[in-house]
Amino acid sequence: METGGEFLSDSVSGDLIRGNIDTIILCVLMAQDHYGYEIIKAIRHRSDDEYELKEPTLYASLRRLEKQKMIQSYWGDETQGGRRKYYRLTEQGKVLYQQNLLAWKSARNLIDRLIAYQEEGTE
Amino acid sequence: MNDLERYVNRRFAKFKHNKEIQELRDEVLVNLQARIDDEMAQGKPYQAAFDLAVESLGNVDLLIEGHQEVARNRFRRGAAQLAVLYSLIPWVITIPLRFFHSGVLANTGWTLVLVITGVVYLVLLWLTRSDETTRVINVRKLRNVTKVVWVLWGIYVILSTCFTLGTWFASDIWFHRSIQMTGPYVFASFVVSVVLPFVSVFIPLYFVRVQRLVQEQEGFV
């Protein structure tokens with residue numbers, strides 16, 4: 001039973017993160033332009049090593065966001081090693097990020113109220 | 001060319017060398033290199049860092065746009081089940097048309113298709129119960145195949161309609177006697193022979209439905 005419970009909560013939090021991965025990537029790009037591995041690293045760092053973004057998810061998300069014109073890619077001018085592909089937020093992307101952030105906050109408040117069991121005051 | 005570049009090239013070798021794939025390959029390569037450098041900076045030996053990077057990349061097939069991973073057997077069973085359904089409908093439609101010569105032919109043909117798809121479905125049900133492997137489906141290719149099937153179907157319908165109308169209404173050219181609609185049966189027979197080819201629309205529709213089946217698998221693997 002216990003392992004089943006653990007599995008469920010793992011998948012719930014995994015699904016929650018996956019469902020918001022585009023916004024999380026937009027958030028990383030708000031500060032500055034990044035290339036792929038830097039995004040993975042930034043997300044790992046911000047989650048205190050608790051969440052590691054998988055590369056297939058990263059590429060799928062970047063491609064989706066670029067198609068929606070939320071981000072733009074450009075090749076860096078590194079002289080050593082291969083050239084890196086950087087991503088920059090567009091104005092549209094910044095707007096989308098703010099919208100998604102607001103949507104997340106209101107959903108979170110609502111879910112908080114619905115999901116937390118309170119002995120007193122629960123009807 | 002270092003180990004990593006050789007590895008990445010090998011994994012990308014089977015894909016068409018267009019600009020999109022080339023850029024993806026370059027991007028994957030520098031990101032893997034960055035990951036390896038990062039791990040080594042934290043004290044990992046090269047081989048361990050390399051293995052870790054390769055593992056993080058996973059299946060390169062899935063990085064390519066339009067590739068979708070599906071549960072192999074679930075997908076096969078689903079596609080076979082749809083094939084049964086999509087041959088059952090035209091089979092039922094053509095049963096009442098057995099009153100007419102062309103209807104007998106068509107209904108016999110669809111019976112044959114139904115039996116074949118039915119047998120395939122049953123065999124798959126029996127064989128592939130507990131295998132959990134996945135396969136990658138190229139959605140773009142499937143879309144192109146569907147397009148070709150639609151075009152072929154269109155050509156078939158146009159040709160067969162022309163042929164039917166030609167044999168009926170231009171009969172004075174071929175047979176030196178003009179068309180004779182001697183009663184409702186002859187008229188119905190004419191209508192049936194014009195409409196029958198359109199029943200085969202279930203073949204291209206099947207391909208459209210299979211595309212949706214692939215999309216439905218997204219996120220379930």
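These figures come from a predicted structure and were not determined experimentally. Proteins come first, then strands; the chains are lettered A, B, ... in the order of their sequence lines, and each starts at number 1.
At a 4.5 Å heavy-atom cutoff, the contact between Glu27(B) and chain A is made by backbone and side-chain atoms alike. Using a 4.5 Å cut-off between heavy atoms, Leu63(B) touches chain A through backbone and side chain atoms alike. With a threshold of 4.5 angstrom between heavy atoms, Glu38(A) does not approach chain B through any atom at all.
Annotation: cation-pi pair Arg84(A)/Tyr35(A) present, NZ/CZ under 6.0 Å from the ring centroid and within 45° of its normal.
Listed options Leu29(B), Val28(B), Leu32(B), Asn59(B) were ranked by heavy-atom pairs under 4.5 angstrom with chain A; first place goes to Val28(B). Between chain A and the residues Leu62(B), Leu57(B), Asp38(B), Val60(B), the most heavy-atom pairs under 4.5 angstrom are made by Asp38(B).
Across every non-hydrogen atom of Leu196(B) and Ser102(B), the tightest pair is CD1-O, 3.3 Å. Across every non-hydrogen atom of Val157(B) and Thr161(B), the tightest pair is O-OG1, 2.6 Å.
For Glu50(A), the CD atom sits in a loose shell: 12 or fewer heavy atoms of surrounding residues, nucleotides or ligands are nearer than 6.0 Å.
Counted by atom type alone, Ser56(B) and Arg35(B) present one or more donor-acceptor pairs between their side chains at under 3.5 Å.
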